[in-house]
Structure formats: C-alpha cells, structure tokens
Amino acid sequence: MELGGSYLTAKHRLQTNSRSIRRMSETVRTRFAPSPTGFLHVGTARTALYSYLFARRHGGQFVLRMEDTDTERNVADSAQAIVDGLRWLGLDWDEGYLKGGPHEPYVQTQRLDRYHAATNALVAHGDAYPCYCTQAELEQRRKAAEACGLPPGYDGHCRALTVEQVRAYEAEGRKPVVRFRLPDEGETVVEDLIRGTVRFDNATLTDFVILRANGIPTYHFSAVFDDVDMAITHVVRGEDLFPSTPRHVHVFRALGRPTPPAFAHLPLIVGADRRKLSKRRDRLSVQQFQTDGYLPEAMVNYLALLGWSLDDHTELFTLTDLERLFSLERVSRNPAAFDTKKLDALNGHYLRQLQPADFAARALPFVHAAGFPGAEPGLLAEAAPLVQERVTRLVEVPGMVGFLLDDEVELDQAAAAKVLTDEGRAFLAEAAKRLEEVEPWTAAAIEATLRGLQEERGLKPKTAFQPVRLAVTGRLVSPPLFESMELLGRARSLARVERAAGLPG
RNA sequence: GCCCCCAUCGUCUAGUGGCCUAGGACACCACCCUUUCAAGGUGGCGACGCGGAUUCGAACUCCGCUGGGGGCACCA
C-alpha cells in the first residue's frame, strides 16, 4: 500500500464503491467475531450463543470470523480452542472460519488488501487522513488536554497537513497511521435493539485510527468493513463496544452503507463481586467448565438465562427450544452476575436426565482420568441410576463408583472407629454367613436377608447397615447399599464384609 | 475529568398505571420421605436504592440524587 503524498493528490470524490453498497437482504445474517487471543470466554460464549440463536430463530445465517488484527496478542492455537468451545456447546456456523463461504477469507489478516483499498478510498474521499503524530507526541498532548479538563481524544493535529508538512514528516522517516475523520458538530444517533435510541454529541467524538503504521487495520475499521462486506444484518455484541458504536456508524456510512446493521448490545456478565469478569479472579473459559464436568446442555441453558428470559416461570431450555423461542426483545439491560450455584443446579438436572448409556459415555473420560483406566462403559451404565442423582458434576463420578472399580477398598479410618463396634462387627460376621446363601444375588434378595437379620437382632437400621456400607464401599456415604452390593457381586461383597468383621474394634 | 448504560429478594429474573398484601428459579432454613448421601415433596426467610413530580391510583411515567457498570489506545 502507499501512504503519504498520494493521499494529498487525490482530492476528487470517488464514486461510491459499488461493492460496498449492499442492501440489507431479507435474510438475517449475524456473526460471531472473536479475537484468537486465548480461550473461549464464558461472556464471549454467551454473545456467540445469542447471536447464533437470533440467526436460527429467524431462519438466517450465522458467520464465524476471526479478528486477529492485534497480531501482538494473538495466541497460537487459540482459534482452534474457540472453535472447539463452540462445537462443544453445539453452536454450528453456516459459513466462515474453517468452513469457507461466499465471503472468503474469514480471517482478517488474510484480508489486508481489501482494507488497504478501502482505506485508500476513504482518504481520497476525505473521510480519513494520514496522521504522523508519534505515540509520545500524542501522549504528551493528551496529558496537556486532560490537565485543562478537555477530553483525552485526538486533537485533530494532522487533519489538514500541507504538502510541505507531509514531506517533512516523510523525510524524518515517520510512518503515518490513517485516521478517520469524525464530524465536530451535530449528533450521532445509535439505534439499538436492546437499549433503544441513544444520541451521542459529536463534539465528544474524536478522530480515531483505522489503519496502523504497520499496515494492519484496527478493530474499528476491519470489523465494520467486514460487516459490510459480509452483508451482516444484525450486530450482536457486548455492551463494552457500545461507546464505540457512533464511530462505527460513521464508518458504515463512509463505506456506503448509510443505514448500518441493527445493533444489539448485550449487558456484560460480571463476577460475583459485581466487577468485570477477570481471568485472575474467575473461572472463565468454557473449556474449564467442560473439564470440570459440566454438560454443554447445562452451560447453554445457564448462559441463555443469564440476561434473557422467556416468561415468569420457564427455566429449562434445550438449544433446540431456544432456537425457536429466543428473542432479542427479551434480553435484559442490566449486567448479570455469573452464579455458579445455578449452573450447578442445572447441571445436576441434565445429568439426572441422561439415559444410563449416555451418562456412562460422558462420565467415562472422567473416570479414566481419575485413575481407573480399565473402567468399562457397561459397568458405568449399570451404576448410572445409582450415581446420577448424587452428582452435580461429572468429576464427582469417579469418587462415587471407585469402590466398584478398585479391587480392594480402603476403609475410612474415622468412620471405622465410629461404626465398627462389637455390635457392628458381630452383625457383619453373621451377615457374611447369610449372604452366602442369598439366591439370586439381587438387591431385593440381599435387602430381605439383611433386613431380616437386623430385625431379628432388634437393631436400628442405621446401626446394622452403616457397618455394611463401610465394609462394602469404604465410606459412610455411598450410593444405595443393596444395589451397590448387587453390582459389586457376591464374591467381592462377601470378602469385604468378612474382612471388616474381622477387623479389631 | 468527559461520554454512555443500568438500578425488583443474596443471585438470575417476571412485572410495561389498578390483576402486586410484587410471581418463579437458584441458594439458604425447617419439615416429610429415608439404612448414608442425594433426589423428590411441603412450607419458610427474603426485594421494588433515595427524594420530588404527574395521577383518583405508581415497581411500572418524568426530573434530581445516590449507587453500580462500561468507554474515552497504532486492544478488541
């Protein structure tokens, strides 16, 4: 690209670039445009969800675009991590990154030639101009302005440079940026689907950089350019971008789209401390929730509820439900605090709803990772009904089924001291004998036998059964006892009961 | 400092002038069920930030205040 003198000579107004005129098509097109600077953040994920849902609800298209113009902050593999997160949540995109489509490429650093052509045209048209101010100069003037109580924005220093001034700067070896020229007077109106009509006084808006000295555009330009180029009809994004929207409105206009897309600025998600979610304080990445044992169904449901509601009582939604019911009109305007408790409750709900085989399949990786590489899905599926209503997250499953997987269980010492009294051990000894006779080895038969013995001895159920539970599972808290014994099998159950019976009190 | 947004139980929210002595969910507490832990059931605790104005009547409208959040980069 060329900068400098060429801008000054092209004083005539260019014909509006026909490519940038793109009527709002009837089909809704939304996009999710993350920066590959890390993992998929829960706040970002919610933005993606709402954007996706809005497109689906209206039979439109959902586009995935990578905004990697801050090359300093790009993190290797993070685009893939974001994609993985979206796929895990079940948010499929119709075109874009990794999928291609009519507006390729969908990675901004691969679109530099387009941005250059467009910024050149903007300069020629008078909507933008090269600026040679150095960072140090800007900083100095900003401070001076602030000292006088003036806004810290750009002061328009390079707005009307003479040819001589430009030559002088060029001779110094300065590399210019390109700034977008904003009106000094009047007001800019932003129409927002969630916030309504907001007016900004143009006097508070200052010229901003759209092309860096290194030839890479800034977000405020590339995002707008691509939204025009990709025929995006609805921009759904976080509220943090709301104050930048008047700038964008002007760039849309300059790019030949006098009516910008519809905007929907979502309220921010804040932490339990009501402050912006922070990588340091909060668990933020969708992947982290995945490895902590949350189900995508729960995550989607929770995120949907975090700033949106259907009515005064419906709380459970599948992604498919949401694709039918979601609406931006019902998005809340106040920032929502991320509350893990509610997520936990939803996760427990969805965990309990899973078919045993499905539950087993989802829990298996967690069981394997917890030190039971030999665990079989079949056994897990059998144990599922006992475990499902007792866990909140998948990571808790191994702890619950460990006694079925370990050849030997280690008895909780404190529990043993409490429960393996003389009375308890006597019960265990007799129980072992009777258990040998139980036929068939089913929970019902085991229960009948043990309950018979307990009543015979005049013991309270607790006094009788807690020692058995400890013997069989190693703990005083476990899945239902008789069902567990059935699953464990006669041989292992008996061995454990006998062993505990013989232990010294 | 300047600009913008927001304001109902601890949290997510319903509520768009009378249906509200403000509804639901999560959390919490109690009870029931029960061999443990859960799950489930029943009940309870718990909110319209403050001050004006409009109105016969304000959670709902308007103004001010207070409080919270966001933004003012060659980050997005």
Side-chain angles (χ1 to χ4, degrees), chain A residues 33-35 37 67-70 72-73 131 133-135 138-139 142 145-154 175-179 190 192 194-195 198-201 203-206 208-214 216-220 222-223 237-246 265 267-268 270 272 274-276 302 305-316 330 332-346 348-349 352 386-392 400 447 450-451 454 460-470 473 475-482:
Chain A
S35 294
T37 55
E67 306 212 324
D68 59 345
T69 54
D70 185 357
E72 300 277 305
R73 294 206 312 170
C131 166
C133 298
T134 64
Q135 309 252 28
L138 292 171
E139 184 60 25
R142 242 194 301 268
E146 277 185 66
C148 303
L150 295 167
Y154 187 65
K175 289 279 185 198
V177 299
V178 174
R179 268 182 203 279
V190 174
D192 189 276
I194 295 169
R195 288 163 209 280
V198 181
R199 297 167 185 281
F200 292 82
D201 185 348
T204 65
L205 267 30
T206 56
F208 59 100
V209 175
I210 57 175
L211 192 67
R212 300 173 169 91
N214 66 6
I216 299 178
T218 61
Y219 168 82
H220 300 297
S222 56
R237 55 170 34 162
E239 195 194 355
D240 50 337
L241 259 355
F242 193 63
S244 300
T245 308
H265 287 93
L268 259 23
V270 297
R274 292 241 73 118
R275 306 209 46 235
K276 192 174 186 177
Y302 180 65
L305 253 20
L306 207 53
W308 173 86
S309 64
L310 177 69
D311 53 33
D312 64 345
H313 64 281
T314 316
E315 298 255 297
L316 265 17
R330 294 196 59 84
S332 158
R333 285 183 305 281
N334 36 331
F338 196 95
D339 176 17
T340 315
K341 290 274 179 54
K342 182 116 177 184
L343 211 209
D344 285 347
L346 284 169
H349 168 79
R352 268 170 255 131
L386 309 183
V387 175
Q388 276 174 285
E389 66 188 32
R390 295 180 164 71
V391 293
T392 299
M400 207 116 259
E447 174 167 9
L450 258 25
R451 208 174 275 282
Q454 166 245 319
K460 285 194 289 191
K462 194 171 179 176
T463 316
F465 299 140
Q466 281 300 77
V468 182
R469 182 186 307 284
L470 179 68
T473 70
R475 307 178 186 185
L476 255 24
V477 174
S478 82
L481 181 55
F482 309 120

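In what follows, chains are A, B, ... by sequence order, proteins preceding strands, each numbered from 1. Nothing here was measured: the structure is a model prediction, and the numbers come from that model.
- Applying the 4.0 Å criterion to OP1 and OP2 of B/A76, one finds that A/T69 has a side-chain N or O inside that range.
- Residue A/G348 is out of contact with every strand shown, counting any heavy-atom pair closer than 4.0 Å.
- Here the C1' atom of nucleotide B/U35 and the CZ atom of A/F465 are 6 Å apart, to the nearest Å.
- Applying the Watson-Crick and G-U wobble criteria (two distances, each under 3.5 Å), B/U34 pairs with nothing in any strand.
- In this structure, A/R179 CZ and A/I210 CD1 are separated by 10.5 Å, a value rounded to the nearest 0.5 Å.
- The side chain of A/F242 sits closest to B/C5 out of B/C5, B/A76, B/C74.
- The listed nucleotides are B/U35, B/U8, B/G23; the one nearest the side chain of A/D312 is B/G23.
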(request) Give the C-alpha distance, both sets of side-chain angles, the deciding distance and a yes or no for side-chain contact (heavy atoms from CB on, under 4.5 Å) between A/R275 and A/V270. (result) CA-CA 5 Å; A/R275 306 209 46 235; A/V270 297; 5.9 Å; no
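- One N or O donor and one acceptor, one from the side chain of A/R390 and one from the base of B/C37, sit under 3.5 Å apart.
- Regarding A/D311, its CG atom lies at a distance of 9 Å from the C1' atom of B/G24, rounded to whole Å.
- Separating the CZ atom in A/R142 from the OH atom in A/Y154 is a distance of 10.5 Å, to the nearest 0.5 Å.
- Atom CG in A/D240 sits about 15 Å away from atom C1' in B/C6, given to the nearest Å.
- Among the nucleotides B/A27, B/U35, B/G70, the one closest to the side chain of A/A345 is B/A27.
- Comparing the C1' positions of B/A59 and B/A47 gives an interatomic distance of 10 Å, to the nearest angstrom.
- Looking only at atom types and distance, the side chain of A/T37 has no donor-acceptor partner in the side chain of A/R73 under 3.5 Å away.
- Nucleotides B/U54 and B/G17, compared at atom C1', are 11 Å apart to the nearest Å.
- Residue contacts shown for A/Q135 include a base, since a base heavy atom lies under 4.0 Å away.
- Rounded to a whole angstrom, the distance from the C1' atom of B/A30 to that of B/G46 is 15 Å.
- Close to B/C12, at under 4.0 Å from its OP1 or OP2, lies no side-chain N or O of A/N334.
- Proximity note for A/L306 (side chain, C-beta onward) versus B/C5, B/C12, B/C74: the nearest is B/C12.
- In a base pair of the Watson-Crick type (N1 to N3 plus N6-O4 or O6-N4) or a G-U wobble (N1-O2 and O6-N3), with each distance short of 3.5 Å, B/A39 is matched with no nucleotide.
- Of the candidates B/U11, B/C4, B/U36, the closest approach to any side-chain atom of A/A337 belongs to B/U11.
- Using a 4.0 Å heavy-atom cutoff across all strands shown, A/L268 reaches sugar-phosphate atoms only and no base atom.
- Along RNA chain B, the nucleotide closest to A/R179 and the one closest to A/K342 are compared, and the more 5′ of them pairs with A/K342.
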(request) Starting from the C-alpha separation in whole Å, work towards a yes-or-no answer on side-chain contact (heavy atoms from CB on, under 4.5 Å) for A/R237 and A/T245. (result) CA-CA 11 Å; A/R237 55 170 34 162; A/T245 308; 3.3 Å; yes
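- Under the Watson-Crick or G-U wobble criterion, with both distances below 3.5 Å, B/C72 is paired with B/G1.
- Looking at the side chain of A/R330, the nearest of the listed nucleotides B/A14, B/G69, B/C3 is B/A14.
- When Watson-Crick and G-U wobble pairs are counted only if both distances are under 3.5 Å, B/C26 pairs with B/G10.
- Between A/R390 and A/P480, some side-chain heavy-atom pair lies under the 4.5 Å cut-off.
- Here, B/G41 and B/C26 have their P atoms 9 Å apart, quoted to the whole Å.
- Taking only side-chain atoms of A/R274, from C-beta outward, the nucleotide of B/A76, B/U36, B/C12 with the closest atom is B/C12.
- Rounded to whole Å, atom P of B/U34 lies 15 Å from atom CZ of A/R469.
- An OP1 or OP2 oxygen of B/G40 is reached within less than 4.0 angstrom by a side-chain nitrogen or oxygen of A/R352.
- Across all strands, A/F200 comes closer than 4.0 Å only to sugar-phosphate atoms, never to a base (heavy-atom distances).
- Using atom C1' as the reference point in both B/G57 and B/G44, the two lie 32 Å apart (nearest Å).
- Nucleotides B/A7 and B/U16 place their P atoms 16 Å apart, quoted to the nearest Å.
- Among the atoms of the strands shown, only primed sugar atoms or phosphate atoms (P, OP1, OP2) are found under 4.0 Å from some heavy atom of A/S309.
- A/P480 comes within 4.0 angstrom of a nucleotide base, judged by non-hydrogen atoms across all strands.
- Rounded to a whole angstrom, the distance from the C1' atom of B/C28 to that of B/C45 is 8 Å.
- Summary of the strand contacts: A/W308 and A/R195 both lie near RNA chain B, and taking for each the nucleotide with the nearest heavy atom, the more 5' one is attributed to A/R195.
- Within the nucleic acid shown, A/L241 comes within 4.0 Å of at least one base atom, counting heavy atoms only.
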(request) With side-chain contact (heavy atoms from CB on, under 4.5 Å) as the test, would you mind laying out the steps for A/V177 and A/L211 before giving the verdict? (result) CA-CA 6 Å; A/V177 299; A/L211 192 67; over 6 Å; no
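- Across B/C60 and B/G15, the matching C1' atoms stand 8 Å from one another, rounded to whole Å.
- With hydrogens and angles left out, the side chain of A/H220 and the base of B/A76 share a donor-acceptor pair within 3.5 Å.
- B/G46 is unpaired under the criterion used here, namely a Watson-Crick or G-U wobble arrangement in which both key atom distances are under 3.5 Å.
- For B/C75, the OP1/OP2 oxygens have a side-chain nitrogen or oxygen of A/R212 closer than 4.0 Å.
- One interatomic measurement links the two molecules: CZ of A/F338 to C1' of B/C26, which rounds to 13 Å at whole-angstrom precision.
- Side-chain atoms of A/D201 and A/T204 form no donor-acceptor pair, as typed in the model, at a separation below 3.5 Å.
- Here A/E315 lies in heavy-atom contact (under 4.0 Å) with a base.
- Ring centers of A/Y219 and A/F208: at least 6.0 Å apart, outside the cut-off.
- Rounded to a whole Å, the CD1 atom of A/I210 is 16 Å from the P atom of B/A73.
- In this structure, A/R73 reaches the bases: a heavy-atom distance under 4.0 Å links it to at least one base atom across the strands shown.
- The CG-C1' distance, from A/L316 to B/C12, rounds to 14 Å in whole Å.
- The listed nucleotides are B/G24, B/U35, B/C74; the one nearest the side chain of A/H313 is B/G24.
- Here B/G71 presents its C1' atom at 10 Å from CD of A/E239, a figure rounded to the nearest Å.
- Nucleotide B/A53 forms a pair with B/U61, judged by Watson-Crick or G-U wobble geometry with both contacts under 3.5 Å.
- For B/G68, the OP1/OP2 oxygens have no side-chain nitrogen or oxygen of A/R275 closer than 4.0 Å.
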(request) Give the C-alpha distance, both sets of side-chain angles, the deciding distance and a yes or no for side-chain contact (heavy atoms from CB on, under 4.5 Å) between A/E239 and A/R195. (result) CA-CA 10 Å; A/E239 195 194 355; A/R195 288 163 209 280; 3.6 Å; yes
